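Quick caveat: nothing in here was measured; it's all calculated off a predicted structure.
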Amino acid sequence: MRVRGRNSIRLPSRAHGCSPLAEPVEGISLSAMLSQFNISAIASSVDAIFAEWDKTDSPGCAVAVVGDGQAIYRKGFGMANLEYGIPNSPSTIYHVASISKQFTAFAVQLLASDLKLSLDDDVRKYLPELHDFGYSITLRHLLHHTSGLRDQWNLLGLSGWRSGDIITEEDILKTVWRQRELNFEPGSEKYYSNTGYTLLGLITKRVSGVPLRQFCQERIFAPLGMSHTHFHDNNAEIVKGRAYSYSQESAGQFQNFPLQYANVGATSLFTTVDDMILWDRNFDSPKVGDADLLSEMHKGGILNNGVELDYASGLVNSLYRGLRTVGHDEADAGFRTAYLRFPDQRLSILVFANLSSFSPNSVARNIADILLADLMIPTEEGKNDPPAVPIEFQVKKDALLTYVGDYYSQELGVIYSISESDGALAMNYPKGTAQLQPLEEDVFNAHPIGHIAFERGHEKISGFRLDNGRVRNLSFEVWRR
């Protein structure tokens, strides 16, 4: 069954007396380009992108397209709540995952403008609980993911936490304060770390004297009129009009995908696409922050070797089909969100979904393909590299037995146990069992945990190091053999 479109579609043209949506680019403005087409046909083309989710028995999304600061398309598809049959709309409140980071960054930038802190301050000036790793980690490092701090979600997952658990700021900080090594020297590379933004939220609280939620409400949300937006720091709080999180088990079959976060900074912003239109407008016609602050928000980080990064302050600078873009997309549980801006064309696209299989960034680009087709360079179909052929590495049973035992991580406070059965190793960890596949001597793939490399002392196994992407060189020592 199809759902009737909720809220109107307004794709303006000069003929209707609307303001142009963008300054001319190569002699063509967005408004002029739109006026060449049948407006209803354009709307129908955008609608068609979301036909798969335009049902009363499926989760879906809320969508907004903004041109020159004005909504030109606002619509909801599918259900915000399947149990009660509540549809998605532009006013549905979503958990927007890492889109939250730009608001945390903006809060820090406001404090810097107030001369309450400097982006070049050492983090331990405000967070003395953080281990002294022998390097200075600055607020800039946190903003640009160049701190080397291990990612909080990976650390908690390795410790046995699940996304459905209630996870508070205190739970995260207890794990962060235990860490004794970095992934890399601060500023030497960029690797995404949610930890940095949780710490920025805490720094905002300590410097301003109020929680991040209150600071953003007073300094950002209220001044912009974002009346349905807040940092959700209490997982038990009732929020009317919110979307719920789902996963798809099979065709037409969905399950709840609960999220119980009670932490802010890296995530947990609750907002609507309608409220985000007001935020988007602030980038071009600022009511909060000045031109210098907004410029700082868009400056990419710079590595120690002088290389400039695409990641700025919770915003990613990029190109899509020859056009400059700024935005962010991410996921938590079944929530999938994307915010894609084309600043030179004054066009922005917001897609908030409540289904884990949804790809909001892809559909946002599909919308841009329709609206900016005449300005984009053609796509090129590249050849895919052939799949890598795995190299089998054999380990004799006697050698496998040398790895058997219990291993303890002081940085996680957990024990992993390795056992042997029928010539194969298995690792029991707090969330289940991982089969160990040998890659080379003393190195194993431990799916889904990551890679482990055993260490030896006096020819005997003394422990291992675990790498799983956002966590590197996590140390485990032999506990019991």
Side-chain angles (χ1 to χ4, degrees), residues 95-130 136-145 147 149 152 167-174 176-177 193-235 237 261-271 275-276 278-279 282-283 286-299 301 312-315 328:
H95 168 108
V96 295
S98 286
I99 289 178
S100 311
K101 288 181 172 66
Q102 59 197 269
F103 293 90
T104 303
F106 200 88
V108 171
Q109 297 282 4
L110 284 172
L111 289 172
S113 295
D114 295 342
L115 303 181
K116 298 291 182 62
L117 55 74
S118 167
L119 300 184
D120 296 314
D121 285 340
D122 192 298
V123 171
R124 295 186 73 248
K125 176 179 179 180
Y126 308 103
L127 307 175
E129 304 95 325
L130 186 67
S136 176
I137 300 174
T138 68
L139 275 63
R140 286 190 194 277
H141 289 140
L142 302 184
L143 286 169
H144 301 139
H145 298 296
S147 68
L149 290 168
Q152 61 193 39
I167 302 177
T168 67
E169 179 181 84
E170 182 180 2
D171 296 325
I172 294 170
L173 295 177
K174 283 181 179 178
V176 173
W177 301 154
S193 174
N194 287 283
T195 306
Y197 274 80
T198 294
L199 298 185
L200 287 170
L202 180 57
I203 289 170
T204 299
K205 176 181 178 180
R206 291 187 176 180
V207 172
S208 69
V210 297
L212 179 66
R213 175 174 180 163
Q214 181 179 341
F215 183 87
C216 289
Q217 173 61 29
E218 295 173 354
R219 297 290 301 274
I220 303 173
F221 306 146
L224 293 180
M226 299 173 69
S227 58
H228 294 93
T229 300
H230 72 275
F231 267 110
H232 197 65
D233 53 5
N234 176 5
N235 66 291
E237 180 180 352
Y261 285 172
N263 59 83
V264 296
T267 184
S268 298
L269 185 78
F270 276 34
T271 191
D275 270 12
M276 284 293 292
L278 302 175
W279 171 250
N282 193 66
F283 283 113
K287 290 184 177 180
V288 177
D290 57 18
D292 289 340
L293 188 153
L294 291 170
S295 175
E296 191 68 33
M297 280 286 294
H298 288 83
K299 287 182 181 178
S313 293
L315 298 168
H328 212 300

When rounded to the nearest 0.5 angstrom, what is the spacing between [atom1] in [X] and [atom2] in [Y]?
X      : Y      : atom1 : atom2 : value
Leu139 : Leu117 : CG    : CG    : 6.0 Å
Lys299 : Leu294 : NZ    : CG    : 12.0 Å
Ser313 : Leu200 : OG    : CG    : 9.0 Å
Asn194 : Ile172 : CG    : CD1   : 8.5 Å
Leu202 : Tyr126 : CG    : OH    : 12.5 Å
Ser227 : Gln217 : OG    : CD    : 9.0 Å

For a quick test of reading the model, state the closest non-hydrogen atom pair linking [X] to [Y] and the distance between them.
X      : Y      : answer
Ile220 : Ala107 : CD1-N, 4.3 Å
Ala105 : Gly314 : CB-N, 4.2 Å
Leu142 : Tyr197 : O-CE1, 3.5 Å

Hey, are the side chains of Asp233 and Ser268 touching, using non-hydrogen atoms and a 4.5 Å cut-off?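 Side chain of Asp233 against side chain of Ser268, heavy atoms only: no contact under 4.5 Å found.
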Kindly indicate whether the side chain of Phe270, heavy atoms from C-beta on, has any atom under 4.5 Å from the side chain of Val96.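 No; the side chains remain at least 4.5 Å from each other.
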Is the backbone of [Y] close enough, under 3.5 Å, to the side chain of [X] for a donor and an acceptor to pair up by distance?
X      : Y      : answer
His232 : Asn234 : yes
Lys205 : Val210 : no
Thr195 : Gln152 : yes
Ser295 : Ala291 : no
Thr138 : Asp120 : no
Asn282 : Lys287 : yes
His328 : Leu315 : no
Thr204 : Leu212 : no
Asp275 : His228 : yes
Thr271 : Thr229 : no

How about [X] and [Y]: does a side-chain donor come under 3.5 Å of a side-chain acceptor?
X      : Y      : result
Ser136 : Asp122 : yes
Thr168 : Asp171 : yes
His95  : Thr267 : yes

Assess whether a salt bridge exists between Glu296 and Arg140, defined as any Lys/Arg side-chain N lying under 4.0 Å from an Asp/Glu carboxylate O.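 A salt bridge links Glu296 with Arg140.
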Any carboxylate oxygen within less than 4.0 angstrom of a Lys/Arg side-chain nitrogen, looking at Arg213 and Glu169?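 So Arg213 does not pair with Glu169 through a salt bridge.
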Is there a side chain to side chain contact (heavy atoms under 4.5 Å, CB included) between Gln109 and Leu143? Walk through the geometry before answering. CA-CA 10 Å; Gln109 297 282 4; Leu143 286 169; 4.2 Å; yes
For Phe103, what residues pass the ring-ring contact (aromatic ring centres under 6.0 Å, His included) criterion, not counting sequence neighbours?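 Result, ring-ring contact (aromatic ring centres under 6.0 Å, His included) vs Phe103: Phe221, Trp279.
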Who pairs with Arg219 by side-chain contact (heavy atoms from CB on, under 4.5 Å), at least two apart in sequence or on another chain?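 Partners of Arg219 by the side-chain contact (heavy atoms from CB on, under 4.5 Å) criterion, ordered by chain and then number, come out as Leu110, Asp114, Phe215.
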After noting the C-alpha distance and the side-chain angles of Ser208 and Leu111, does the key distance pass the side chain to side chain contact (heavy atoms under 4.5 Å, CB included) rule? CA-CA 8 Å; Ser208 69; Leu111 289 172; 4.3 Å; yes
Dump the intermediate steps for side chain to side chain contact (heavy atoms under 4.5 Å, CB included) on Val176 and Glu129, then the final yes or no. CA-CA 9 Å; Val176 173; Glu129 304 95 325; over 6 Å; no
